[in-house]
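Report on the structure given below.
Values in this document were obtained by computation on a predicted structure and should not be read as measured data.
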Amino acid sequence: MTVGDFKAHFSSVLEEVMQGEEIQILYGRLKKPVACLTKPAEKPKRKKRPLGLYNHLGPLWEDESFEITPEWLFDNMDDLM
């Protein structure tokens with residue numbers, strides 16, 4: 001298809017491309033191919049990633065009554081570093 005035909009029938013050309021046709025655009029007196037219109041390939045869907053690194057392992061603290069107090073923090077500071 002020449003550039004002139006492409007410009008004149010743009011909407012119908014897009015419809016053909018959406019149907020799966022491959023359209024080659026030709027330019028100049030020698031009608032050299034300069035472009036090719038094709039339907040884009042479908043992208044594969046990504047699988048969902050967990051939000052946290054250890055999200056699938058369950059809760060971090062098993063004892064629900066555990067509470068970090070300033071005393072506990074200062075007493076265990078050497079263990080945390």
Side-chain angles (χ1 to χ4, degrees):
M1 171 176 286
T2 63
V3 174
D5 290 339
F6 176 67
K7 289 187 337 186
H9 305 289
F10 183 75
S11 296
S12 61
V13 169
L14 288 183
E15 288 293 327
E16 289 179 32
V17 170
M18 287 191 298
Q19 298 298 322
E21 290 287 325
E22 184 177 297
I23 306 291
Q24 200 170 35
I25 309 298
L26 308 173
Y27 181 74
R29 265 186 316 168
L30 301 176
K31 297 185 179 174
K32 292 173 58 176
V34 292
C36 184
L37 297 176
T38 60
K39 187 175 180 177
E42 299 270 337
K43 292 183 181 179
K45 292 186 178 182
R46 293 186 189 183
K47 57 182 180 178
K48 292 185 178 181
R49 297 187 301 179
L51 291 178
L53 194 59
Y54 298 108
N55 193 27
H56 64 284
L57 298 177
L60 185 60
W61 300 106
E62 293 182 11
D63 184 9
E64 293 180 11
S65 65
F66 179 76
E67 191 175 316
I68 296 180
T69 60
E71 292 83 20
W72 181 90
L73 188 61
F74 288 122
D75 291 342
N76 297 302
M77 187 67 74
D78 293 332
D79 296 338
L80 296 174
M81 290 186 174

Note: with side-chain heavy atoms under 4.5 Å as the link, the other cluster members for L30 come out as none

Note: with side-chain heavy atoms under 4.5 Å as the link, the other cluster members for L26 come out as none

What distance separates [X] [atom1] from [Y] [atom2], expressed to the nearest 0.5 Å?
X	Y	atom1	atom2	answer
Q19	K39	CD	NZ	7.5 Å
M1	L37	CE	CG	9.0 Å
T2	R29	OG1	CZ	15.0 Å

*asked:* Taking M18 as the starting point, is it possible to reach I25 by hopping between hydrophobic residues whose side chains are less than 4.5 Å apart?
replied: no

